[in-house]
2 protein chains.
Amino acid sequence: MSDVEQYSTVFKALSAPVRLRLLGILPGDDREGALSVCNLAEKLGISQPCLSHHLNILRCAGLVRFKKDGCSTFYFVDRSYVERQLAGFRKWMVER
Amino acid sequence: MSDVEQYSTVFKALSAPVRLRLLGILPGDDREGALSVCNLAEKLGISQPCLSHHLNILRCAGLVRFKKDGCSTFYFVDRSYVERQLAGFRKWMVER
DNA sequence: ATAGAATATCTAAATATATGAATACTTCGA
DNA sequence: TCGAAGTATTCATATATTTAGATATTCTAT
């Protein structure tokens, strides 16, 4: 994937207010304060399938990861990946 | 405008490959190497109205600015604004 | 095995975005 | 003033995204 495609994917994932609010709720790599998908959906005021869709977009962009714990799934932000992408883009931009 | 709306606007502007390529071509605050809108359109392989549309999105997001010089208009990236936004988002994300 | 809970996928409808053609506007030189 | 060049806006169409409801899948406990 080219730089442009890479950053485009990341920024597209970050471009929806509902996904930003979601990132604001999800815990960092430690799983403290994690919520189930159902609880997240309720908190965000969207349906569970809709939330799954957004989580999928964030996951495909590499911004979140998850751990299955029994019946439930706990998502968390991969902050280190996010920061690497932002730093990479900043560098890419300045190099021109 | 709330933080979420603010960052959403910026990231949406950065989410299209054609706009990233455009940012890669536009000069920084100094006007060295500036191209006219027509030349930019040709270089990007899109029509001039389409380019104007994308420039408008970037401008509304605060990412680019322009100077009129006679008949021509020269756009440039407001790198300092871009970096402030990225840094702000990073801080916003980590604070959660 | 089976039921129930949690999450993901599929489907269809509504909305938003991207694009080019046509046209309007602006500026400069003749 | 007029014409030409450069840029912006309008409009219609094509494509993509968002959303919820219905359904499928996965896991656990009985």
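Quick note: numbers below take in every heavy atom, side chains included, and nothing from hydrogens, waters or symmetry partners. Reminder, nothing fancy here: chain letters follow the sequence lines and each chain counts from 1.
Between A:Ile46 atom CD1 and D:dT18 atom C1' there is a gap of 10 Å when expressed in whole angstrom units. The distance from atom CG of A:Asp69 to atom C1' of D:dT26 is 14 Å, rounded to the nearest whole Å. Across the protein-nucleic acid pair, A:Leu55 atom CG and C:dT9 atom P stand 11 Å apart, rounded to whole Å. One can place NE2 of B:His53 at 15 Å from C1' of C:dA21, the figure rounded to the nearest angstrom. A:Phe74 has its CZ atom 17 Å from the P atom of C:dA5, to the nearest Å. Straight-line distance from the CG atom of A:Leu22 to the C1' atom of D:dT18: 15 Å, rounded to whole Å. A:Lys67 has its NZ atom 22 Å from the P atom of D:dT26, to the nearest Å. Rounded to whole Å, the distance from NZ on B:Lys68 to P on D:dG6 is 14 Å.
In this pair, A:Phe66 and A:Tyr75 present their aromatic rings tilted. The plane angle is within the 30 to 60° band.
Among the nucleotides C:dA6, C:dA18, D:dT7, the one closest to any side-chain atom of B:Thr73 is D:dT7. Of the candidates D:dT19, D:dA5, C:dA8, the closest approach to any side-chain atom of B:Cys71 belongs to D:dA5. In this structure, the nucleotide among C:dT19, D:dT7, C:dA6 sitting nearest to the side chain of B:Cys50 is C:dT19. When each of C:dA18, D:dA8, C:dA8 is scored by its nearest atom to the side-chain atoms of B:Arg19, the top-ranked nucleotide is C:dA18. The side chain of A:Pro49 sits closest to D:dA22 out of D:dT18, D:dA22, C:dT19.
Among the protein residues, A:Phe66 comes within range of no part of the nucleic acid, since none of its heavy atoms lies under 4.0 Å from any strand. No contact: A:Leu40 has no heavy atom under 4.0 Å from any strand. Across all strands shown, B:Ser52 has heavy atoms under 4.0 Å from base atoms, whether or not it also approaches the sugar-phosphate. Nucleic acid contact class of B:Ser47 (heavy atoms, under 4.0 Å, all strands): base.
Heavy-atom distances to DNA chain D give each of A:Leu51 and B:Asn56 a nearest nucleotide, and the one nearer the 5′ end belongs to B:Asn56.
The side chain of A:Tyr75 places an N or O atom within less than 4.0 Å of a non-bridging phosphate oxygen (OP1 or OP2) of C:dA8. OP1 or OP2 of C:dT17 has at least one side-chain nitrogen or oxygen of B:Lys12 nearer than 4.0 Å. Between D:dT17 and A:His54, no contact under 4.0 Å exists linking OP1 or OP2 to a side-chain N or O.
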Practice item. Determine, stepwise, if the pair B:Gln48 / B:Glu42 fulfils side-chain hydrogen bond (donor to acceptor under 3.5 Å, both in side chains). Key: CA-CA 8 Å; B:Gln48 174 269 314; B:Glu42 190 174 10; over 6 Å; no
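Distance CG/A:Leu51 to CG/A:Leu22: 6.0 Å, rounded to 0.5 Å. Within the model, atoms CG of B:Leu23 and CH2 of A:Trp92 stand 6.5 Å from one another, a figure rounded to the nearest 0.5 Å.
A:Lys91 and A:Glu95 are joined by a salt bridge, as a carboxylate oxygen and a charged side-chain nitrogen come within less than 4.0 angstrom of each other.
Taking 3.5 Å as the limit, the base of C:dA6 and the side chain of A:Gln48 contain no donor-acceptor pair of atoms between them.
Side-chain atoms of B:Leu40 and B:Ile25, non-hydrogen and from C-beta on, do get closer than 4.5 Å to each other.
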